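Data first, discussion second: the structure below is written as C-alpha cells.
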Amino acid sequence: MDLNELNEEQRKAVLTTEGPILVLAGAGSGKTKVLTTKIAYLIEECGVPPYNILAITFTNKAAGEMKDRLVKLVGDKINSAQISTFHSFGVRIIRENAPLLGYTNNFNIIDSDDSLTVVKKILKEMNLDSKQFNPTNIRNKISSAKNEMISPDEYEKYANSDIEEIVQTVYKKYEIILSKSNSVDFDDLLLLPIKLFKKYPDVLNRYQEKYRYILIDEYQDTNEAQYILTKMISSKYKNICCVGDNDQSIYGFRGANYRNILNFEKDYKNATVIKLEQNYRSTTNILDAANDVISHNKERKDKNLWSNKGKGEKISYYKAYNEKDEAFYVVRKIKELIKNCDYQDIAVIYRTNAQSRVLEEAFLNENIPYHIVGGTGFYNRKEIKDLLAYLRLINNTQDDISLSRVINVPKRGIGTKSVLNLEEKALKEEKSMYEVIDSGKEMAFKNIIEELINDSHDMTLTDLVDDVLEKSGIKEEYISEKSLEADIRLENLEEFKSITRAFEDREGVISLNDFLQDISLVTDIEYKYDPNTVNLMTVHSVKGLEFPYVFVVGMEDGLFPHINSIYNGTLSELEEERRLCYVAITRAKEKLFFVNARMRNMFGSSQSNQESRFIKEIREELIDKEFKDEEPTKKVFFDLDERPHFDHSDEIKEDVEYNIGDNVYHEVFGTGKVLEVGKSTLSIAFKHPYGIKKLMKNHKSINKL
C-alpha cells in the first residue's frame with residue numbers, strides 16, 4: 001500500500017499493528033483517514049482476514065462512511081468485517097446467543113417511547129400518581145443504572161429516598177415485563193453481552209478468537225458499559241487500537257467518561273501512544289487559541305495542535321452593548337463575508353438553545369437565510385407553541401385551535417375522545433369549545449384559564465408568562481422530569497420572558513392582544529430550508545463539523561462557561577465547559593469571531609456578565625478587539641449602514657407617584673387621565689381613537705402633567 005499521503009505520526013499509527021495502541025487524534029488531524037487506512041493495511045499487507053476485524057464507531061452515519069471508504073480501498077471483502085456502532089454490535093451478539101440469555105431469536109427491541117409506556121403502566125398498577133412520580137424521570141434513572149452496570153438488586157444501595165425506592169421497585173418490575181415479552185431495550189444491547197460473557201467464559205473466548213483486531217473511534221465518548229465490553233473482548237490478544245481526543249470529550253451528561261482514554265495506559269500495559277497533532281483544517285492563530293484554552297485543564301493528556309496553513313487572521317472579538325447589538329454585529333459581518341463566500345460557509349455557535357431566538361429575529365429582519373442544525377427554530381419548539389397557545393386562549397377564549405392544543409398540556413386525563421365530544425357539542429350549539437365546557441376534567445382546565453384571565457388584568461406580560469407556567473402545571477412537569485431535554489425546554493420558556501420584557505420596554509403597553517399581534521409577524525414568516533444557508537447550532541451539535549467562518553456568541557461567564565459549572569459545579573464540569581470551548585474554536589478553518597454583550601436580557605431579566613474566562617485564557621496577540629472598553633453608551637438604531645452599537649431603549653425612568661385622576665401625556669397617544677393605579681401598571685383613558693390603555697407605570701413614554 002502507498003502510505004506516502006500520510007504524515008510521519010499517521011504512518012506510525014497505521015504500521016503499528018500488534019498490541020494496545022492509543023492514538024490521541026487532535027481536532028482536524030485526519031483520524032478517520034488513519035482508521036480506514038489501518039484497517040486496509042491489516043487486510044492487504046498483514047493478511048488479516050476481514051472477519052477478524054471489529055471496528056466500532058458511535059453513529060450509523062460514521063459507520064457507513066467508514067465502510068464506503070474501505071470498499072474503495074479493499075473492495076467488497078470488507079463486508080465480512082464487523083464495522084458498526086456499539087449497539088449494532090450488541091444486537092449481533094444477542095441474536096447469536098439469544099437462548100443462553102433467556103430469549104428466543106425473534107426478540108423485540110423496544111424504543112424509548114415503548115419503554116416509557118412500560119414505566120407508566122407499572123406506575124398505574126402501583127397506584128402511583130404520575131405527576132408526583134414522573135415516568136420520564138424514572139425511565140431515565142433506570143437507563144443510567146443500566147449504563148453504569150447497576151442491576152435492580154444492586155440499585156438498593158442507592159435507594160436513600162422515597163423516590164429512589166420507587167425507582168428500584170419499578171426497575172425490578174420493568175425487567176420482569178421485558179423478559180416475559182421477549183423484549184430488550186436500547187440499554188440492554190450493551191448490558192446483555194457483558195452478562196453473557198461473564199456467565200459463559202467459553203462464549204467470550206469465541207468472540208475473542210473471532211475479533212483479534214479491535215479498533216474504536218471516539219474512545220473519549222465511551223460510557224462504563226462500552227468500556228467494559230471492549231475490554232473483555234480485547235483481553236486475550238490485546239490488539240486494540242483506540243482513537244480519540246480527551247480534549248473533545250463533551251458528552252459527560254450522557255454518561256461518557258473521558259477518564260477511559262486517560263486510563264488507557266493503566267488498562268493496557270506497554271501500550272503504544274501516538275499523538276496526531278498536525279491539523280489540516282485551521283490556521284495557526286486559531287489553533288494557538290485552542291491550545292491556550294485547553295492547556296488550563298488539569299485532567300488531560302498533553303498535546304499541541306499545529307498547522308502548516310500559515311498564521312491566518314487574528315480572532316475578531318466584539319463586545320456588544322446588549323444581545324440585539326450582538327446579533328446585528330453578526331449580521332453586519334455576515335453581509336461583509338458573503339461578498340467572497342457562500343452562506344453555507346458560515347456557522348454561528350452558541351452554548352444554549354435559547355440564545356438562537358434573538359439571532360433568528362435579526363436574520364429574518366435582514367433577509368439572511370439560516371437553518372437550525374440539530375434543532376428547531378425558537379418559535380417552532382413545542383414548549384413555545386404550547387405557551388403561545390395558552391396566551392392566545394387567555395386573550396381569546398373563542399380560539400378553538402389553541403384550546404385543542406393545550407387542554408391536555410400538561411396531561412390532565414383529557415383524551416382525544418373528550419376533545420372530539422367538545423368539538424361536536426360546540427358545533428351543535430353554535431358556540432366555541434370553551435363555552436360548552438361545563439363539567440369534569442375539562443371544567444378544571446376551564447377554571448385555570450378563568451383564573452389566568454382574571455390575573456392578566458393587573459399583571460405585566462412578563463408576570464403573566466410566569467403565572468401561566470405555574471398555574472398550568474407546565475413548569476412543574478418539566479422540573480419533575482429531571483432530564484436534559486426538560487432543562488432545555490425550561491430554559492426556552494424562561495427565554496420567552498425576554499420577548500415580553502423587550503415588548504413592554506419598547507412599547508410601554510401591557511396589551512396581550514397587541515403583543516400577540518406583534519409576535520405573529522415573526523412566528524408566521526414562512527421559512528423553507530435551502531442548503532446555502534447560515535448554520536445556527538449549539539456547541540454540542542457542531543462537533544464533527546467544520547466551516548471556513550465561525551462566530552461564537554455569548555462568550556460570557558454564566559453563559560459560556562455555563563452558570564451551573566461555575567457556581568454549582570465541580571472542577572470536572574468546568575473542564576468539560578472548557579473542552580466545549582476547544583471544540584467550538586477548532587471548528588473554524590479560516591476566521592473566528594468571539595462576540596459577547598455587556599448587558600443581556602436573558603430569561604426575562606437584564607443581567608451583566610463578565611467576559612468569558614476562556615477569552616482571558618488566550619494570548620492577547622492572537623485577538624483583534626473591535627471595541628474600546630471605555631466606549632460610551634449610545635443608542636442603537638437598527639439601520640445596518642450607519643449603526644452605533646448601543647441601545648437604551650429599555651431604559652425605565654425613576655419611580656413616579658401617580659394617583660387616580662392625574663393628567664398625563666404620552667408621546668404616541670397624547671393627553672389622558674389615570675383611571676387605575678396598579679403595582680407596576682397604569683390604566684389611562686386617552687382621546688379617540690385610542691381609548692383606555694394599560695401601560696408600564698414608569699415607562700419613558702409617559703410624563704405626568
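Along the sequence shown, the residues carry numbers beginning at 1. As a basis for the values below, the full set of heavy atoms in this structure was taken, side chains included, without hydrogen atoms, waters or symmetry mates. Quick caveat, the model's predicted, so the values are computed rather than measured.
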Specify the closest pair of heavy atoms between [X] and [Y], including all atoms of both residues, with the distance to one decimal.
X	Y	result
N297	R578	OD1-NH1, 2.8 Å
V406	F445	O-CE1, 3.6 Å
A25	Q248	O-NE2, 4.3 Å
E577	F560	O-CE1, 3.6 Å
D245	G26	OD2-CA, 3.7 Å
R212	N239	O-CB, 3.0 Å

Run the salt-bridge test on [X] and [Y] with the 4.0 Å N-O cut-off and return the result as yes or no.
X	Y	answer
R381	E495	no
K172	E175	no
D386	R489	no
E576	R579	yes

Report the distance from atom [atom1] of [X] to atom [atom2] of [Y], rounding to the nearest 0.5 Å.
X	Y	atom1	atom2	result
I94	L190	CD1	CG	8.5 Å
D247	E299	CG	CD	12.0 Å
T36	K38	OG1	NZ	12.0 Å
I150	I142	CD1	CD1	12.5 Å
Y171	D153	OH	CG	9.5 Å
C581	I349	SG	CD1	10.0 Å

pair [X]-[Y]: side-chain heavy atoms closer than 4.5 Å:
X	Y	value
Y582	R300	no
I261	C242	no
N564	E573	no
P410	E476	no
R405	Y390	no
T538	Y350	yes
S115	Y174	yes
L469	K497	no

Is it true that, when you exclude [X] itself, more than 12 heavy atoms of the residues, nucleotides or ligands shown sit nearer than 6.0 Å to its [atom1]?
X	atom1	answer
K441	NZ	no
F186	CZ	no
E164	CD	yes

Cut-off 3.5 Å, side chains only: do [X] and [Y] have a donor facing an acceptor?
X	Y	answer
Y478	N492	no
Q220	E218	yes
R587	N535	no

I'd like to know if the side chain of [X] reaches the main chain of [Y], judged simply by a donor and an acceptor atom lying under 3.5 Å from each other, with no hydrogens or angles considered.
X	Y	value
N609	E556	no
K411	N408	no
K236	Q208	no

Fill in: Stepwise side-chain contact (heavy atoms from CB on, under 4.5 Å) check, R613 with L574
CA-CA 11 Å; R613 63 193 64 198; L574 184 58; 3.9 Å; yes
Practice prompt. Measure the acute angle between the ring planes of F264 and Y268, then classify it against the limits of 30° and 60° as parallel, tilted or perpendicular.
Written response: tilted
Practice prompt. Can you sort out the partners of N270 under side chain to side chain contact (heavy atoms under 4.5 Å, CB included), two or more places apart, ordered by chain and number?
Written response: none
Discussion item. Going by side chain to side chain contact (heavy atoms under 4.5 Å, CB included), name the residues that satisfy it together with N263, two or more places apart in sequence or in a different chain.
Written reply: R259, K266, D267
Item to complete: Would you check, one step at a time, whether the test salt bridge (Lys or Arg N to Asp or Glu O under 4.0 Å) holds for K157 with E154?
Response: CA-CA 6 Å; K157 301 173 189 173; E154 291 169 331; 5.3 Å; no
Discussion item. I'd like to check the salt bridge (Lys or Arg N to Asp or Glu O under 4.0 Å) partners of E575; sequence neighbours left out, ordered by chain and number.
Written reply: none
Item to complete: Run the numbers on T352 and H562 for side-chain contact (heavy atoms from CB on, under 4.5 Å), then give the verdict.
Response: CA-CA 9 Å; T352 66; H562 196 277; 3.8 Å; yes
Item to complete: Apply salt bridge (Lys or Arg N to Asp or Glu O under 4.0 Å) to the pair K301 and E265, showing each step before the final yes or no.
Response: CA-CA 11 Å; K301 286 185 177 289; E265 291 164 270; 2.4 Å; yes
Please table the atom pairs, donor to acceptor, closer than 3.5 Å between any side-chain atom in residues 121-129 and protein atoms at least two apart or in another chain.
{"residue": "D129", "atom": "OD1", "partner": "K131", "partner atom": "N", "Å": "2.9"}

Only pairs under 3.5 Å count here: list side-chain donor-acceptor contacts from residues 196-203, not counting sequence neighbours, and write none if there are none.
none

Worksheet item: Got a sec, which pairs hit salt bridge (charged side-chain N to carboxylate O under 4.0 Å, His left out) with one end in residues 183-196, sequence neighbours left out?
Response: K146-D185, K146-D188
Practice prompt. Mind running side-chain contact (heavy atoms from CB on, under 4.5 Å) on N97 and R206 for me, showing each step along the way?
Written response: CA-CA 12 Å; N97 302 274; R206 191 170 79 238; 2.9 Å; yes
Worksheet item: How far apart are the C-alpha atoms of K475 and L493, what are their side-chain angles, what is the distance that settles it, and do they pass the side-chain contact (heavy atoms from CB on, under 4.5 Å) test?
Response: CA-CA 9 Å; K475 187 174 182 179; L493 290 168; over 6 Å; no
